Amino acid sequence: MTEQAILKALRNVEDPELKKDIVSLGFVAKIQIDGAAVTVELSVPPPARPSRVELKRDCEKRVREVPGVSAVRIELQTDVIGPRPVSPRLEILKGVRYTIAVASGKGGVGKSTVTANLSAALAKSGLRVGLLDCDVYGPSIPLMFGLTGRTPEVGEGETLCPIEAHGVRVMSIGFLSNDKSPVIWRGPMVHQMIQQFLTRVAWGELDFLMLDLPPGTGDTQLTLTQTARLSGAVIVTTPQEVSIVDARKGLKMFETVRVPVVGVIENMSSFSCPHCGEVSEIFSRGGAQKLCREAGVPLLGEIPIDPKLVETGDNGTPIVIAHPESETSKKYLKIAEALRTQMESQTVSSQDEPVHIQWRTKRK
Ligand SMILES: Nc1ncnc2c1ncn2[C@@H]1O[C@H](COP(=O)(O)OP(=O)(O)OP(=O)(O)O)[C@@H](O)[C@H]1O
Ligand SMILES: [Mg+2]
């Protein structure tokens, strides 16, 4: 009796609502074989549905039918989030240790700039980093990494090979579509494209896979959280209330889908005049700190307004590579370190243990 045989048997179990087998759905988190005894851990994403019981029973029956099996235990987890390794679903992103979504409520607050620089900063510190540009509507990452016009190679098993730049393995819809002709993306198309990116890209082994999201709480966010087990989300906001209000909605959304928010980054925090050195808080101040206090999540850092960020973004070299000694780069390196520490300090080793980043949002 082998793990493969058990998996094969589990492929016959269909989720009654999703109408797909539980292996393809990524529900099988772990299979343990001890002599003739088999334990299967199922990780079924919330919400908890009545059909779970049926699912469990069906699994037990199928595993029992495998020759050589005498005892079966099915453990069902519905509320767990982010165990370590954080993407335990067997077939999706299995070589990735931490999958981090970089999100915001409002558009244009600097998510892509943050994702690009954080990815490059993590890679600089010796980690294996991938960056998936999930913004099918307006991919910015090819430009920010100097990869415009490049086309990825097709690898083994019809997978797409990411393109490496500045130490980061990059994949983007921008590599696959001509950016002169706008594509009208609809919900199901977005869903399909994101799923392809998660399942058919040859990422290899990665410490961090950073996901650059489009703004808001739309189809992309939904597909991502349904398809892969995200280790955490980083929320980017600017300091003013109009951005904070939307960031709060983003935070809530991740709470609902049980993705832990690792922290908030305040972008465009202040502006230091290059001539007189005076610091101006152009977009107000303290907004992100207040949001963090409310939600009980850490403020990972504040990035000032820096014209060099625009220049380096447009030129295809993240500031942490182009100007490593600049104050902004140092801030990015610190944030990357804080993110890494946050993730590594989570010592949950099995899904039985309690969740490591918990929500402490005040509720009325
Ligand atoms: N701290 C900063 N200082 C100055 N300019 C910045 C800063 N952060 C981002 N920018 C600039 O702001 C613009 C928008 O940034 P970016 O594309 O990263 O935002 P976004 O949140 O990803 O946008 P979208 O919602 O459209 O995906 C870019 O021109 C970028 O160079
Ligand atoms: Mg963007």
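What you are looking at is a predicted structure, and each value in this text was computed from that prediction instead of being measured. Note that ligands are numbered from 1 as they come in the structure, with each ligand's atoms numbered from 1 the same way. Sequential numbering from 1 along the given sequence is applied to the chain's residues.
Where the criterion is an N or O separation shorter than 3.5 Å, residue side chain and backbone included, G107 fails it with respect to ligand 1. By the 3.5 Å distance cut-off applied to N or O atoms, I303 is not counted among the residues near ligand 1.
Grouping the Ile, Leu, Val, Met, Phe, Trp and Tyr side chains by contacts below 4.5 angstrom, directly or via other members, places V259 with I92. The cluster map of Ile, Leu, Val, Met, Phe, Trp and Tyr, joined by side-chain heavy atoms under 4.5 Å apart, puts L143 and I319 in different clusters. Clustering ILVMFWY residues whenever any of their side-chain heavy atoms sit less than 4.5 angstrom apart, transitively, puts L333 in a cluster other than the one holding L339.
The nearest heavy-atom contact from the protein to atom 3 (N) of ligand 1 is D306 N, 2.9 Å. Closest to atom 2 (C) of ligand 1 among all protein heavy atoms lies L309 CD1, 3.3 Å. Ranking the protein heavy atoms by distance from atom 27 (O) of ligand 1 puts D135 OD2, 3.5 Å first. Shortest contact from atom 18 (O) of ligand 1 to any protein heavy atom: T113 OG1, 2.5 Å. If you check which protein heavy atom lies closest to atom 11 (C) of ligand 1, you get V310 CG2, 4.1 Å. The protein non-hydrogen atom at the shortest distance from atom 26 (O) of ligand 1 is G108 N, 4.0 Å.
Using a 4.0 Å cut-off between charged nitrogen and carboxylate oxygen, K330 and E327 count as a salt-bridge pair. The pair K106-D246 counts as a salt bridge, with a side-chain nitrogen and a carboxylate oxygen less than 4.0 angstrom apart. The existence of a salt bridge linking K252 and E255 is confirmed by a sub-4.0 Å separation between a basic side-chain nitrogen and an acidic carboxylate oxygen. At a threshold of 4.0 Å, the pair E294-R248 counts as salt-bridged, since one of the basic side-chain nitrogens sits closer than that to a carboxylate oxygen. Look at R128 and D207 and you find a salt bridge, because one of the NZ, NE, NH1 or NH2 atoms lies within 4.0 Å of a carboxylate O, short of that distance.
Less than 4.0 angstrom separates atom 30 (C) of ligand 1 from at least one non-hydrogen atom of the protein. Protein heavy atoms all stay at least 4.0 Å away from atom 13 (C) of ligand 1.
Within a 6.0 Å radius of CG in D314, other residues, nucleotides and ligands contribute more than 12 heavy atoms.
Atoms of ligand 1 found under 4.0 Å from any heavy atom of P304, numbered from 1 in the order shown, are 1 (N), 2 (C), 3 (N).
For the ligand labelled ligand 1, residue M144 lies inside the 4.0 Å heavy-atom shell. In this structure, P307 has no heavy atom closer than 4.0 Å to ligand 1. For P214, the closest heavy-atom approach to ligand 1 does not fall below 4.0 Å. Heavy-atom separations between P215 and ligand 1 include at least one value shorter than 4.0 Å. Between G110 and ligand 1 there is a heavy-atom distance shorter than 4.0 Å.
Backbone or side-chain N, O or S atoms of T115 do not reach the Mg ion (ligand 2) at under 2.8 Å.
Side-chain atoms of S270 and I305, non-hydrogen and from C-beta on, never get closer than 4.5 Å to each other.
Among E311, K106, M268, the residue whose heavy atom lies closest to atom 10 (N) of ligand 1 is M268. Nearest to atom 20 (P) of ligand 1 by heavy atom, out of K331, E302, K111, is K111.
Summarising the geometry, atom SG belonging to C134 is positioned 8.0 Å from atom CZ belonging to F197; distances are rounded to the nearest 0.5 Å.
For T317, there are no side-chain hydrogen bond (donor to acceptor under 3.5 Å, both in side chains) partners at least two apart in sequence or on another chain.
Here D212 has no heavy atoms under 4.0 Å from ligand 1, in either its backbone or its side chain. Contacts with ligand 1 closer than 4.0 Å are made by side-chain heavy atoms of N267 only, the backbone lying farther away.
Between I33 and T2, the closest heavy-atom pair is CD1-C, 3.7 Å.
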